[in-house]
Amino acid sequence: MDVFGLKTCDSCRKAMKELQAMGHAPVLRDVRAEPVPEAILSAAEARFGSDLLNTRSTTWRGLSEAERAGEAGALLRAHPALMKRPLVVQGEVMSLGWKADAKEIWLGSTG
């Protein structure tokens, strides 16, 4: 199980802690140091589209209107920290963010 995000992200740390508590063995992959593999990024882009982008981030606010109009995948390749976090992937299963829907996938109804 891979958790793509930032090591300084509170949501990523919370997800890691809760996943470990439920017996999972997640590996946190900091997208600034290690970009999301192309196959995973493409699958996530197909599934989540523009929801992959964290439009509340400082990085997003620093982009020009022309840059913001680009495709989600291209923006994430250029600015990995723009990704909404965490992106949790295990095999073909993936979730984005750490809210009730993602917790249901990974933790069951106890999350």
Side-chain angles (χ1 to χ4, degrees):
M1 174 181 289
D2 291 312
V3 177
F4 295 95
L6 299 174
K7 63 183 176 184
T8 57
C9 171
D10 289 339
S11 294
C12 294
R13 288 194 296 240
K14 185 175 180 181
M16 290 290 293
K17 184 177 179 180
E18 291 180 31
L19 288 165
Q20 289 167 344
M22 291 298 290
H24 295 287
V27 175
L28 178 62
R29 306 211 181 268
D30 191 311
V31 297
R32 285 189 175 133
E34 178 183 353
V36 178
E38 187 59 37
I40 293 173
L41 183 57
S42 294
E45 185 179 14
R47 178 162 181 189
F48 302 113
S50 64
D51 288 343
L52 268 175
L53 299 173
N54 179 1
T55 58
R56 299 183 322 170
S57 72
T58 304
T59 304
W60 178 261
R61 290 190 300 263
L63 297 176
S64 69
E65 287 300 318
E67 289 173 308
R68 289 181 185 182
E71 292 182 7
L75 283 167
L76 291 174
R77 287 175 189 87
H79 308 280
L82 266 178
M83 186 178 74
K84 190 175 283 183
R85 303 175 295 270
L87 174 63
V88 183
V89 179
Q90 185 172 34
E92 297 296 315
V93 180
M94 65 175 53
S95 67
L96 184 63
W98 196 244
K99 300 222 184 271
D101 57 340
K103 289 181 181 185
E104 178 68 26
I105 292 169
W106 305 111
L107 308 177
S109 60
T110 61

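- Of all non-hydrogen atoms in Met16 and Leu28, the two that sit nearest each other are CE-N, 3.7 Å.
- The distance from atom CG of Leu52 to atom CD of Glu71, rounded to the nearest 0.5 Å, is 12.0 Å.
- The hydrophobic cluster containing Leu96 does not contain Met1, counting ILVMFWY residues as joined when their side-chain heavy atoms lie under 4.5 angstrom apart, directly or transitively.
- Taking a 6.0 Å sphere around CD of Glu67, one finds it holds more than 12 heavy atoms contributed by other residues, nucleotides or ligands.
- Note: the hydrophobic cluster containing Val88 also contains Val93 (ILVMFWY, side chain heavy atoms under 4.5 Å, direct or indirect links).
- Taking NZ of Lys84 as the reference point, atom CG of Asn54 lies at 7.0 Å (rounded to 0.5 Å).
- When the shell of 6.0 Å around CZ of Arg68 is examined, it contains more than 12 heavy atoms from other residues, nucleotides or ligands.
- Here the straight-line distance linking atom CD of Gln90 with atom CH2 of Trp106 works out to 5.0 Å at 0.5 Å rounding.
- Of all heavy-atom pairs between Leu76 and Leu82, the closest is CD2-C, 3.6 Å.
- Salt-bridge check for Asp2 with Arg29: passed, with a basic side-chain N closer than 4.0 Å to an acidic carboxylate O.
- Across all non-hydrogen atoms, the minimal contact from Ala44 to Leu87 is CB-CD2, 4.0 Å.
- Taking hydrophobic clusters as Ile, Leu, Val, Met, Phe, Trp and Tyr residues chained together by side-chain heavy-atom distances below 4.5 Å, Val3 shares a cluster with Ile105.
- Contact of the Leu75 side chain with the Trp60 side chain is registered, since non-hydrogen atoms from C-beta on lie closer than 4.5 Å.
- Between Thr59 and Ala81, the shortest heavy-atom distance links the atoms OG1-CB, 4.3 Å.
- For the atom pair NZ (Lys14) and SG (Cys9), the distance works out to 11.5 Å, reported to the nearest 0.5 Å.
- For Ser11 against Pro86, the heavy-atom pair with the smallest separation is CB-CD, 4.2 Å.
- Pro26 places a side-chain heavy atom less than 4.5 Å from the side chain of Gln20.
- Counting heavy atoms from C-beta outward, Glu18 and Trp98 have side chains that approach closer than 4.5 Å.
- Linking ILVMFWY side-chain heavy atoms closer than 4.5 Å, directly or via other members, places Met94 and Leu19 in two distinct hydrophobic clusters.
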**Q.** side-chain contact (heavy atoms from CB on, under 4.5 Å) between Leu63 and His79, intermediate numbers included
**A.** CA-CA 10 Å; Leu63 297 176; His79 308 280; 3.6 Å; yes

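- The shortest heavy-atom contact between Ser42 and Arg77 is OG-NH2, 4.0 Å.
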